[in-house]
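Take a look at the structure below.
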Protein chains: 2
Amino acid sequence: MSRLPTVTDVAEAAGVSRQTVSNVLNAPDRVREATRERVSKAIEELGYRPHASARRLRTQTSSTIGIRLDPVSDGISGSILDRFLHALTEQADAVGLRVLLYTALGADDEIRQLARLVDGADVDAFVLTSTYYGDPRTDWLIERGQRFVTFGRPWGINDMTDPAHAWVDVDGRDGVRQATEHLLEAGHRRIGYIGWPSGSGTGDDRHGGWAETLRTASVPDLDGLVERAEDSVSAGTAAMRRLMSRNPGLEAVVTASDGLALGALVAASGTTPVVGFDNTPVAASLGFSSVDQQLTAVASGVLELLTDSTNGPRHRLIAPELVVREETLR
Amino acid sequence: MSRLPTVTDVAEAAGVSRQTVSNVLNAPDRVREATRERVSKAIEELGYRPHASARRLRTQTSSTIGIRLDPVSDGISGSILDRFLHALTEQADAVGLRVLLYTALGADDEIRQLARLVDGADVDAFVLTSTYYGDPRTDWLIERGQRFVTFGRPWGINDMTDPAHAWVDVDGRDGVRQATEHLLEAGHRRIGYIGWPSGSGTGDDRHGGWAETLRTASVPDLDGLVERAEDSVSAGTAAMRRLMSRNPGLEAVVTASDGLALGALVAASGTTPVVGFDNTPVAASLGFSSVDQQLTAVASGVLELLTDSTNGPRHRLIAPELVVREETLR
């Protein structure tokens with residue numbers, strides 16, 4: 001890798017000691033005119049610059065945020081964390097913070113990476129994504145008093161407002177509620193739900209938004225209106241076919257992701273209204289409604305919490321926004 | 001941001017001078033047993049660590065690669081650079097290199113950012129993406145002898161093999177040729193092309209792959225088989241409608257992107273074979289053929305060129321791979 005000119009290089013070029021170079025930089029009065037000129041000339045010719053690492057060493061901060069980049073996902077909604085990364089990087093840059101990427105093969109490997117970055121003082125703070133029940137990464141960071149914010153709630157922890165765990169999350173339950181109410185207002189009653197297998201905090205939360213809305217509207221036997229599938233278009237297509245064959249009167253469907261939504265639209269040949277989640281380019285391109293996670297607001301919330309030294313609330317629950325489009329394939 | 005314990009903190013805690021702390025770390029023999037133990041205890045209690053910035057200061061390298069993260073694109077193929085970033089970060093991590101992100105509002109702003117990162121010695125080398133005709137960024141880097149590799153050819157430069165400009169690119173012309181030959185072998189002759197407006201190196205290169213393949217197959221009056229559109233699904237739909245109305249005998253279509261391909265499939269209600277470019281999750285999900293850019297190979301090529309100190313070739317042209325699927329909407 002490229003090597004930068006050092007004080008030693010300048011000293012050799014000017015035929016003086018390192019101390020003299022340092023004097024020219026920090027106490028020029030101590031240096032004779034002629035020597036000062038020779039050193040300045042060498043500094044200019046070599047393009048020597050006081051080193052950023054030296055500045056960091058003085059300030060003891062790197063002004064750098066570490067964030068894990070997960071292996072690329074092939075799902076339609078897989079790009080959601082990339083979109084968050086774009087928003088975070090743009091806003092961090094605006095406040096003079098850098099974003100350093102790292103990778104990890106799992107929670108344990110990620111903890112090793114966190115330790116490496118903490119030991120190296122390469123990073124001042126971490127932004128963790130994809131939190132889950134009993135996430136060991138946050139415990140590790142809290143024990144070490146390391147500054148971090150998670151995009152995602154500390155699922156499974158009793159006290160979600162624990163100031164030790166700063167987090168920003170999107171109110172997925174509210175998003176799915178908005179989607180379901182939108183379909184109710186359009187006059188539909190038999191509104192199905194295609195979500196992920198139970199056990200994920202995010203997934204159960206979204207399912208809850210659909211269930212409580214239809215219960216409030218006293219729609220009967222909801223169990224028959226639910227299908228669980230992995231997050232893929234083909235799984236969404238299969239789930240939609242099961243849902244349709246079991247419910248001849250199915251009027252519309254709410255899904256946990258744009259991938260499942262696209263699959264459902266394909267299965268119904270675009271005749272049944274389907275609402276997705278994540279408002280991906282696919283939803284925008286094909287013109288079906290989807291819940292937007294408001295990632296710009298998420299990113300600013302994360303940065304606020306990272307830089308906030310007051311004793312204000314240590315978490316933000318962002319309200320998503322349903323983007324309404326004609327819910328049929330054009 | 002979090003502040004790390006310094007040598008001064010250790011000295012105060014142990015009630016010794018900074019020099020003594022430094023002696024304990026670097027020349028323990030010079031320090032009396034009792035003092036050494038007191039200092040070691042303070043180091044342990046405070047969790048003091050030799051600073052990464054100090055190491056960097058010694059080695060004069062940051063082992064960090066800078067790459068620009070473009071504002072998030074809403075296009076179907078917009079995620080292609082994100083997918084490259086995933087591949088680059090994973091492979092860089094494997095060889096001990098970090099990836100630092102920066103943003104820019106345009107070429108001039110990006111040059112200011114490059115200067116900032118060079119001056120700060122925050123980055124050893126740059127990876128530039130989205131090169132174009134007369135790209136001023138690469139001239140700037142070459143003039144300053146800054147190490148960089150572009151993902152994308154130095155379009156418009158006579159000598160593409162100029163060792164001063166290391167680059168990795170995907171042979172888009174070959175990819176579109178593969179797509180066109182695949183449709184010819186399937187028995188189609190009137191194969192249309194939907195690409196971007198003329199003037200982009202990448203776009204003209206891809207169009208060339210279609211044109212020369214059909215010319216070799218002596219397919220007549222190609223001009224009527226070409227449509228130009230911006231890279232969006234709706235523009236692809238409009239372009240496909242124009243193409244179909246002008247060519248009643250249209251048998252298949254090759255496109256410059258999966259976004260245009262999806263638009264064409266919607267316009268033709270999935271009855272006409274369409275081949276896309278970029279092999280995005282959308283192509284995989286909906287099951288149409290698309291040209292894969294082999295981004296893992298691109299990333300390793302970039303890293304090879306960044307770390308290569310031999311006098312080997314300074315560029316790599318990666319052969320893409322057509323992923324064949326049933327070219328109709330399921």
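Throughout, protein chains are lettered first and strands after them, A, B, ... in sequence-line order, and every chain is numbered starting at 1.
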Exercise. Side chain, backbone, both or neither: which part of B:Leu295 has an atom under 4.5 Å from a heavy atom of chain A?
Worked result: neither
Seminar exercise, completed: dist A:Ile111:CD1 -> A:Thr138:OG1 (nearest 0.5 Å) comes out at 8.5 Å
Exercise. Mind checking whether A:Phe126 and A:Tyr102 have parallel, tilted or perpendicular rings, split at 30° and 60°?
Worked result: perpendicular
Problem set entry | Close side-chain approach of A:Arg98 to B:Asp122, heavy-atom, < 4.5 Å | yes
Problem set entry | Proximal component of A:Arg144, with respect to chain B [non-hydrogen, under 4.5 Å] | neither
Seminar exercise, completed: Applying a strict 4.5 Å limit to non-hydrogen atoms, the region of A:Leu117 in contact with chain B is side chain
For this session: Evaluate the side-chain proximity of A:Arg68 to A:Leu128: yes if any heavy-atom separation is below 4.5 Å, no if none is.
Result: no
